[in-house]
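What follows is a short report on a single structure.
Remember, it's 1-based here, ligands and their atoms both numbered in the order they're listed.
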Amino acid sequence: MKKRVYSGIRATGRLHLGNYLGAVKGMLALQDYYDCIFSVVDLHTITVPYDPKTLKQSVREIVLDYLAAGLDPQKCHLEIQSKVPQHTELAYLLSTIYPVSRLEDLPTYKEKRAQYPKYVNMGLLYYPVLMAADILLYKAEVVPAGADQEPHIEVTREIARKFNSMFGNTFPQTERFETEGQYVPALTGQGKMSKSLEGSFINLTDDLETIRKRLASAPTDSGTLSGQIPKEGGVANLFMLLKLFESDSVYNKFEQDYREGKIRYSEMKNVLAEAIYNELKPFQEKRMEFKENSELVDSILDTSLAECHRMSEETMREVREKMGLR
Ligand code: ADP
């Protein structure tokens, strides 16, 4: 049997370069070789403030993004998390063997608490358990995801080990699949690029003008005395993006300009904007085609859903039995 791969993205907004480079590129690399399930994790989406009227549309947008980016329904299964109720059933069962104190210590929980102090709900604390259930429901051994997800994948491994020791060998030890862009910094110069942080991102659907504008507001400096590119902050981030999207020769030219103190950031940002747009253009064209063909997208989702139900029920039968629930 082929190894299983699972990954999901929340429907909190349009996909950005961080999601693309950190997660989707990994999904694309793996879909040719493994049995893959790629999800729109709408149950994770609702742990932060959201609008129920637009959630369904947001989920659809991510499905379109997935297809346009090249996830191929002939090679992988596309899942909408809430349509496979086994996720929440397994999450509850796994929550009974995992300590609350460990969840309270996780960095993402602390960050979200600080970001939404009036919205600290049980679901937010529970997030890593649901994520473990997402992965283990399919017994996935590999998860293509950004570096920010590493602590959650560690939780998944801990839960799997605990379950195996209590109820017998059932779940694998999951590893994260790292891409070159596993950590894409925010354009603001601080932290990671994120859908929920205004001014931090470039969306995959942005046109050239929008990309230019977003880059224009990214902070820079007025040169350097040491001649070394800084390790963090606005300038470091621009160089990192340049490395991901441009050829070595273009990168080296700007690096030399920087060292010699003659860098022109407006020129660098323009070159970068065009390089990013050139990579996104075929994606945007393909997205249009899928957007205009709703029936095709619906039928892809229906076929995938049936397969996801079958796979997840297989695991759940085993889990219920081992836990004495049947
Ligand atoms: P966001 O934080 O933008 O809402 P999600 O939490 O939905 O994104 O994450 C979806 C996937 O994208 C995860 O695999 C996550 O690790 C990856 N990801 C998100 N932001 C970045 C980033 N800035 N750099 C690399 N990968 C990222």
(message) Please enumerate all residues that pass side chain to side chain contact (heavy atoms under 4.5 Å, CB included) together with P219, with sequence neighbours excluded.
(response) none
Check ligand 1 for N or O atoms under 3.5 Å from a protein N or O and list each pair with its distance.
unit_1: ligand 1; atom_1: 2 (O); unit_2: K192; atom_2: NZ; d: 2.7
unit_1: ligand 1; atom_1: 2 (O); unit_2: S194; atom_2: OG; d: 3.3
unit_1: ligand 1; atom_1: 3 (O); unit_2: H16; atom_2: NE2; d: 2.7
unit_1: ligand 1; atom_1: 3 (O); unit_2: K195; atom_2: N; d: 2.9
unit_1: ligand 1; atom_1: 4 (O); unit_2: R10; atom_2: NH2; d: 2.7
unit_1: ligand 1; atom_1: 4 (O); unit_2: K195; atom_2: NZ; d: 3.1
unit_1: ligand 1; atom_1: 6 (O); unit_2: R10; atom_2: NE; d: 3.2
unit_1: ligand 1; atom_1: 6 (O); unit_2: R10; atom_2: NH2; d: 3.4
unit_1: ligand 1; atom_1: 7 (O); unit_2: R10; atom_2: N; d: 3.0
unit_1: ligand 1; atom_1: 7 (O); unit_2: K195; atom_2: NZ; d: 2.8
unit_1: ligand 1; atom_1: 8 (O); unit_2: N19; atom_2: ND2; d: 3.2
unit_1: ligand 1; atom_1: 8 (O); unit_2: K195; atom_2: NZ; d: 3.3
unit_1: ligand 1; atom_1: 12 (O); unit_2: N19; atom_2: ND2; d: 3.0
unit_1: ligand 1; atom_1: 14 (O); unit_2: G146; atom_2: N; d: 3.3
unit_1: ligand 1; atom_1: 16 (O); unit_2: G146; atom_2: N; d: 2.8
unit_1: ligand 1; atom_1: 16 (O); unit_2: D148; atom_2: OD1; d: 2.5
unit_1: ligand 1; atom_1: 20 (N); unit_2: K192; atom_2: NZ; d: 2.9
unit_1: ligand 1; atom_1: 20 (N); unit_2: M193; atom_2: O; d: 3.4
unit_1: ligand 1; atom_1: 23 (N); unit_2: V184; atom_2: O; d: 2.7
unit_1: ligand 1; atom_1: 23 (N); unit_2: M193; atom_2: N; d: 3.4
unit_1: ligand 1; atom_1: 23 (N); unit_2: M193; atom_2: O; d: 2.9
unit_1: ligand 1; atom_1: 24 (N); unit_2: V184; atom_2: N; d: 2.8
unit_1: ligand 1; atom_1: 26 (N); unit_2: G18; atom_2: O; d: 3.1

(request) Could you tell me whether the side chain of E158 reaches within less than 4.5 Å of the side chain of R161, counting heavy atoms only? (result) yes
(request) Could you check if a side-chain atom of E175 sits within less than 4.5 angstrom of a side-chain atom of R157, using non-hydrogen atoms only? (result) yes
Less than 3.5 Å apart, which donor and acceptor atoms pair up between the side chains of residues 135-145 and the rest of the protein, not counting sequence neighbours?
unit_1: Y138; atom_1: OH; unit_2: E79; atom_2: OE2; d: 2.6
unit_1: K139; atom_1: NZ; unit_2: E318; atom_2: OE1; d: 2.6

(message) List the residues meeting side chain to side chain donor-acceptor pair (under 3.5 Å) with E180, not counting sequence neighbours, and say none if there are none.
(response) none
(message) For R176 and Q182, which I'm curious about, is there any donor-acceptor pair between the side chains at under 3.5 Å?
(response) yes
